[in-house]
Amino acid sequence: MTTAHINGIGTAVPEHDIHQPINAVLRTMLPDQRARRVFDRMAEHSGIGHRYSFMRADGRVDEQEVDAGGFYPRGNFPSTSARMALYETEAPRLAKSAVAALERELPTGMLDEITHLVVASCTGFTAPGLDLQLVTGLGLRPDVQRTMIGFMGCSAAVPALRVAYQAVQTDPVARVLVVNLELCSLHLQETSDLNALLPLTLFADGASAALVTAQPTGIALLDFLAIIIPDSSDLMTWRIGDQGFNMHLSGQVPQRIKQALRAEMEQAGANRILRGEQVKDYDLWAVHPGGRAVIDAVETGLELTSADLSSSRRILHDYGNMSSATVMFVLQNMLHQHHPEARGLAMAFGPGMVAETFRFRMAG
């Protein structure tokens, strides 16, 4: 059977670091000092140092400006349609930057003759979609086979890779371009609810592009498995509202992830996350850094060491949570570290709650 490989990964973020400026604005939305103290404490211990956005966030906080361009006027945050109009123009730019970064990672000519395009994006909708915009913008052949994966949240990168994996298994000459694009900063909310504001301190914009073929270089994709965590469907939700998409992220999420992983460790079998193996059988752990508490939950639930999740923590610190693109940043970090023949397990958690996972091997 043909083995599909991620031959390379390119990543891109916008130029504006919004982490500190946006947090400074968000805290002003809270009605009292007690709530602000909780907000400050949570932000300080988030493990995040930088987050990037297409918008400039250097507005005048003392005058309650959110962004320098005035997209988010206090008291009149933009409608969903206005946000989607901006997505339509900004998403292709960032996606093409990620593809350009991928091209720099690969030998000349490897991106020629793409046969399949898989695009995962949860933060915007338009038709013609980002897939067709990329076909035109990148000059791909008109008969390229396109797949759009949307609204699967932070875990969407894994189903996108699964589509590419299946395409290469079906046709060994397939050359699949996989793009993840998220503009999370399009969905800031104006609210005085502390629980609704805290998730807004995590998310950022980012994009990744990967080439998946049968050529045995990079990361070999071994198998895929999704596990739906029972009794958790209301803990992580992502719904379309009149003023953007509304994220609900329960504080119970980390504990539920830890409990689910503990249960997985106690159950043997090929249809479990560890595939009937033990933690020690894996050298690398590519875990989507949904937040510091999520990484801690995976570390505790699987009884890992802090070093096992160092790549996930580094990406969280440097970029924040870029939804579906983030685990691709983690995998790129591992590629650059050169772990020949190391075996790994990747996982990302999305609404449902669902743990999307795949096993991989570093092929050199």
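Of the possible polar contacts, one joining the E182 side chain to the T123 backbone as a donor-acceptor pair under 3.5 Å is found. Distance alone, capped at 3.5 Å, is enough to place a donor-acceptor pair between the T201 side chain and the L198 backbone. The closest donor-acceptor contact from the side chain of S232 to the backbone of L235 lies at 3.5 Å or more, if one exists at all. Remark: the backbone N or O of S323 is paired with a side-chain donor or acceptor of T326 at under 3.5 angstrom. A donor-acceptor pair is defined here as one N or O able to donate and one able to accept, closer than 3.5 Å; no such pair exists between the side chain of R146 and the backbone of L132. R56 contributes no side-chain N or O that, together with a main-chain N or O of H16, makes up a donor-acceptor pair within less than 3.5 Å. A donor-acceptor pair under 3.5 Å is formed between the side chain of D17 and the backbone N or O of H19. In this structure, the side chain of R343 does not engage the main chain of R359 through any donor-acceptor pair within 3.5 Å. In terms of modelled atom types and a separation under 3.5 Å, the side chain of R83 and the main chain of L186 share a donor-acceptor contact. Put simply, the side chain of R314 never gets that close to the backbone of V330: no donor and acceptor are under 3.5 Å apart.
Alongside V354, the hydrophobic cluster contains I228 (criterion: ILVMFWY side chains under 4.5 Å).
Around CG of D242, the count of heavy atoms belonging to other residues, nucleotides or ligands within 6.0 Å does not exceed 12. When the shell of 6.0 Å around CD of E190 is examined, it contains more than 12 heavy atoms from other residues, nucleotides or ligands. Within a 6.0 Å radius of CE in M42, other residues, nucleotides and ligands contribute 12 heavy atoms or fewer. Counting non-hydrogen atoms of neighbouring residues, nucleotides and ligands closer than 6.0 angstrom, the CG atom of D231 reaches no more than 12 such neighbours.
Put simply, the side chain of Q133 reaches to within 4.5 Å of the side chain of T126, judged on heavy atoms. Annotation: side chain of L134 is in contact with side chain of K96 (closest heavy-atom distance under 4.5 Å). Side chains of E356 and P159 form a contact here, defined as non-hydrogen atoms less than 4.5 Å apart. Contact annotation: the side chain of I48 approaches that of L316 to within less than 4.5 Å [non-hydrogen atoms, C-beta and beyond]. Looking at heavy atoms from C-beta onward, F358 lies out of side-chain contact with L222 at the 4.5 angstrom threshold. Side-chain contact between T11 and S208 is present, with at least one heavy-atom pair separated by less than 4.5 Å. For the pair M353/I257, a side-chain contact is recorded, criterion being any heavy-atom separation below 4.5 Å from C-beta on. The shortest distance between side-chain heavy atoms of L345 and R275 falls below 4.5 Å.
Connection of V179 to L183 is established within a shared hydrophobic cluster, with ILVMFWY side chains joined at heavy-atom distances below 4.5 Å, either directly or through further cluster members. Under the 4.5 Å side-chain heavy-atom criterion for Ile, Leu, Val, Met, Phe, Trp and Tyr, W285 and L225 are members of the same hydrophobic cluster. Hydrophobic clustering of Ile, Leu, Val, Met, Phe, Trp and Tyr side chains at less than 4.5 Å, counting indirect connections, unites L200 with I22. Grouping the Ile, Leu, Val, Met, Phe, Trp and Tyr side chains by contacts below 4.5 angstrom, directly or via other members, places F329 with I149. Linking Ile, Leu, Val, Met, Phe, Trp and Tyr whenever their side-chain heavy atoms come within less than 4.5 Å leaves L249 and F39 in two separate clusters.
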Stepwise, does the side chain to side chain contact (heavy atoms under 4.5 Å, CB included) test hold for V294 with N321? CA-CA 11 Å; V294 170; N321 181 346; over 6 Å; no
What verdict does the side chain to side chain contact (heavy atoms under 4.5 Å, CB included) test give for Y282 and D308, after you've listed the backbone C-alpha separation in whole Å, the side-chain angles of each residue and the deciding distance to 0.1 Å? CA-CA 10 Å; Y282 297 96; D308 289 328; over 6 Å; no
Report the C-alpha distance between Q215 and H5 in whole Å, list the side-chain angles of each, state the deciding distance to 0.1 Å, and finish with yes or no for side chain to side chain contact (heavy atoms under 4.5 Å, CB included). CA-CA 7 Å; Q215 183 170 325; H5 291 73; over 6 Å; no
Working note: Q252 + Q259, criterion side chain to side chain contact (heavy atoms under 4.5 Å, CB included); need CA distance, chi angles, decisive distance, verdict. CA-CA 11 Å; Q252 299 177 41; Q259 293 171 347; over 6 Å; no
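If you check the side chains of R74 and T28, you find a donor sitting under 3.5 Å from an acceptor. Side-chain contact, N7 with R175: no donor N or O sits under 3.5 Å from an acceptor N or O. No donor-acceptor contact under 3.5 angstrom links the side chains of Q166 and H116, judged on distance only.
The shortest non-hydrogen separation linking A35 to L30 is O-CD1, 3.6 Å. Closest of all the heavy-atom pairs between V178 and A164 is CG2-CB, 3.7 Å. Nearest heavy-atom pair, V212 versus V168, reported as atom, atom and distance to 0.1 Å: O-CG2, 3.8 Å. Across every non-hydrogen atom of M236 and F349, the tightest pair is SD-O, 4.2 Å. The minimum heavy-atom distance between A196 and T191, with the atom names listed, is CB-CG2, 3.9 Å. In terms of heavy-atom proximity, S311 sits nearest to N333 at OG-OD1, 2.8 Å.
If you take CZ on F224 and OG1 on T357, they are separated by 9.0 Å, rounding to the nearest 0.5 Å. To the nearest 0.5 Å, atom CE of residue M334 and atom OG of residue S310 are 7.0 Å apart. From L161, atom CG reaches atom CG of L331 across 7.5 Å, with rounding to the nearest 0.5 Å. To the nearest 0.5 angstrom, L302 atom CG is 5.5 Å from M347 atom CE. Distance check, rounded to the nearest 0.5 Å: CG of L197 to CD of Q189 gives 9.5 Å. Annotation: the span from L221 atom CG to I6 atom CD1 amounts to 4.5 Å, rounded to 0.5 Å.
Here the rule is ring-ring contact (aromatic ring centres under 6.0 Å, His included) with H187, and of F71, W238, Y87, Y72 only W238 fits it.
Between H50 and H317, the ring planes are perpendicular. Angles over 60° get that label, and only those under 30° would be called parallel.
By the side chain to side chain donor-acceptor pair (under 3.5 Å) test, N195 is found to be paired with no residue, residues two or more places apart in sequence or in another chain being considered. With sequence neighbours left out, R313 forms a salt bridge (charged side-chain N to carboxylate O under 4.0 Å, His left out) with D296, E299.
Salt bridge R141/D143: present, at least one basic N to carboxylate O contact under 4.0 Å. Looking at E90 and R93, a side-chain N of the basic residue comes within less than 4.0 Å of a carboxylate O on the acidic one, giving a salt bridge.
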